[in-house]
There are 2 protein chains.
Amino acid sequence: MTESSARPTRAQQRRRSEERILAEARRIFAELGYDRTTIRAVASAAGVDAGLVMHYFGSKDLLFARAAEVPADELPGGTSEEVAEALLTSLGRRLNDEPTASLAVLRSMLTNADAADRFRAAGEPQLNQLTEAIPTSDANLRASLLSAIVHGVIAERYLLRLTHLADASPEQIIDLLRPCFQSLATPPPTEPAGGQQADDSPTPPASVKPR
Amino acid sequence: MTESSARPTRAQQRRRSEERILAEARRIFAELGYDRTTIRAVASAAGVDAGLVMHYFGSKDLLFARAAEVPADELPGGTSEEVAEALLTSLGRRLNDEPTASLAVLRSMLTNADAADRFRAAGEPQLNQLTEAIPTSDANLRASLLSAIVHGVIAERYLLRLTHLADASPEQIIDLLRPCFQSLATPPPTEPAGGQQADDSPTPPASVKPR
DNA sequence: CCGTTCATTCTACGGCCGTTGACCGGCGCC
DNA sequence: GGCGCCGGTCAACGGCCGTAGAATGAACGG
């Protein structure tokens, strides 16, 4: 017990190496994406040999799977307004502490099928809870749009680092998005509910007259 | 009879081959992204040898540059409401006819620096015009959020093919996003924030030169 | 009709990558 | 204290990729 710092046991040593490899893998996958990340690079960043990475994780795909494990954070249920606010809060959290594992998934999802599946799976519970909370018949489209907004913002802030998005404070972003989220999560304010289908009114809202 | 169909001139032949290569390159780049697209695959899809692709385009990077050339479609100026509506219309167009070249850029932007630059450059004029039309001091953050929403929706619809987004009609998506766009493009409705546009007449001539 | 150009193909090189299997040396159990 | 397990390294293989350059044969200009 007290010797832990003096002489690490073999199991400890192994766990440490695995953790170091995983941490570097997450970092590099998030930075370069799946394809451009090489096992050799991960190994060298972790200070070990590439063979060891193979030995511990089996393959590059499995390494990615382990590195990209991300706990799907669930949304509490409630009214559509509450769920929209919860989604905003969740976004705020992700804008504050930048979870590397989910960035690795995001960075890789466009070029790696496994990452794409992982991305879908990670977003699914949120999507379902959003859908359930939204009282219109097009609830899943609305929920999908909310999800798309969240991911678009995160991607452009952290992966593409568009300056105005990267510089802004999370609070500022959230405050600006709140009306968006409310308008998507709740049916038009004039009318509380009802089987409003996708509107079939033939009149296009061609000219929006600003009062 | 006419020699046009019987025997194509050498220049014609070359132009045809180049076009075929470019078309296949766009398609495959859009489908697989930069890294996973190989010159050999493009060549074989176009029915030519890989060396020919090199000969005509110089390198994989240059081929990508040519395949990813996308005309930046400009937004007309106007009030913030009008510009928001124009952005919606532009989104609708992109949701309708799925321009392969810009999908190639989108698919590759997270793993290829050149594609990322190209993406930034393609979005910049829109971003500027949005920013100019929005009368608040956080205009460029608002404009960036609008841009992020557009790209998030396109990416999840065409690249990740999330079912609810892929199945929805462009009109449906646009109608749901309209309130979002308006709330981002215009300052909070309760307070005009230092007098919005002292002159009630919008910039009289639809000036072709914004500056 | 001949020499040249040029579209196109073929072959090959060098490099990087994922993955493998042999090998080594110290920890840990009996 | 000896021996086996195991963390860890090393060298190598096969494959794919971008790219270069020579070779070929048909179109073209004079």
Side-chain angles (χ1 to χ4, degrees), chain A residues 1-25 28-29 31-68 108 111-115, chain B residues 2-22 24-25 28-29 31-68 108 111-115:
Chain A
M1 49 184 253
T2 60
E3 320 258 12
S4 62
S5 73
R7 199 158 33 116
T9 170
R10 204 138 66 168
Q12 284 177 333
Q13 193 66 18
R14 158 146 195 174
R15 232 180 54 86
R16 282 189 206 173
S17 293
E18 277 192 1
E19 298 264 327
R20 240 170 35 238
I21 293 171
L22 266 183
E24 294 299 327
I28 302 183
F29 276 130
E31 191 182 338
L32 302 179
Y34 182 87
D35 293 312
R36 293 172 108 87
T37 297
T38 74
I39 288 195
R40 283 170 165 88
V42 171
S44 123
V48 298
D49 185 88
L52 194 64
V53 178
M54 278 291 126
H55 193 25
Y56 285 168
F57 296 92
S59 75
K60 184 180 178 181
D61 281 288
L62 291 175
L63 172 64
F64 179 76
R66 289 286 305 278
S108 308
T111 47
N112 181 264
D114 180 49
Chain B
T2 65
E3 56 280 19
S4 64
S5 72
R7 199 157 36 113
T9 171
R10 204 138 67 167
Q12 284 177 333
Q13 192 67 16
R14 158 148 194 171
R15 232 180 55 85
R16 281 189 207 171
S17 293
E18 277 192 0
E19 299 262 328
R20 240 170 36 239
I21 293 171
L22 265 184
E24 294 299 326
I28 303 183
F29 275 129
E31 191 182 338
L32 302 180
Y34 182 86
D35 292 313
R36 293 172 108 89
T37 297
T38 74
I39 288 194
R40 282 170 166 88
V42 171
S44 125
V48 299
D49 184 87
L52 195 64
V53 178
M54 277 291 127
H55 192 29
Y56 286 167
F57 296 91
S59 74
K60 184 180 178 181
D61 282 288
L62 292 175
L63 173 64
F64 179 77
R66 289 287 305 278
S108 308
T111 47
N112 180 265
D114 180 50

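Worth saying up front: this structure is predicted, and the values here are computed from it rather than measured. Lettering follows sequence order; numbering is per chain, from 1.
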Residues in contact with DNA chain C, drawn from residues 41-54 of chain A - heavy-atom cutoff 4.0 Å
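The answer is A:Met54.
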If you only use heavy atoms from C-beta on, which nucleotide in C:dT8, D:dA27, D:dG7 is closest to the side chain of B:His55?
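The closest nucleotide is C:dT8.
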For residues A:Thr111 and B:Leu32, report the shortest heavy-atom separation together with the two atoms involved.
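Smallest interatomic distance, heavy atoms only, reads CG2-O, 3.6 Å.
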Which residue, B:Arg40 or B:Ser17, contacts DNA chain C at a nucleotide closer to its 5' end, judged by nearest heavy atom?
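The residue whose closest nucleotide sits nearer the 5' end is B:Ser17.
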List the steps, then state whether salt bridge (charged side-chain N to carboxylate O under 4.0 Å, His left out) holds for A:Arg15 with A:Glu19.
CA-CA 6 Å; A:Arg15 232 180 54 86; A:Glu19 298 264 327; 3.6 Å; yes
OP1 or OP2 of C:dC16 versus the side-chain N and O atoms of A:Thr38: is any pair under 4.0 Å?
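Indeed not, no polar side-chain atom of A:Thr38 lies that close.
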With distance as the sole criterion, do the side chain of A:Arg14 and the base of D:dC6 form a donor-acceptor contact below 3.5 Å?
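Flag unset: no donor-acceptor pair detected.
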Whole angstrom is fine here: how far is it from CG in A:Asn112 over to P in C:dG18?
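My rounded result for the distance is 12 Å.
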Can you see if the side chain of A:Gln13 gets near the phosphate of D:dG8 - specifically, an N or O under 4.0 Å from OP1 or OP2?
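It does, given that an N or O in the side chain of A:Gln13 lies less than 4.0 Å from OP1 or OP2 of D:dG8.
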Would you kindly give the CD1-to-C1' distance between B:Ile21 and C:dA7, to the nearest whole Å?
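Rounding to the nearest Å, CD1 of B:Ile21 and C1' of C:dA7 are 11 Å apart.
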When you measure from the side chain of B:Arg10, which nucleotide among D:dG18, C:dA7, D:dC5 comes out closest?
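So the side chain of B:Arg10 is nearest to C:dA7.
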B:Leu52: what forms a side-chain contact (heavy atoms from CB on, under 4.5 Å) with it, not counting sequence neighbours?
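So B:Leu52 forms a side-chain contact (heavy atoms from CB on, under 4.5 Å) with B:Val48, B:Tyr56.
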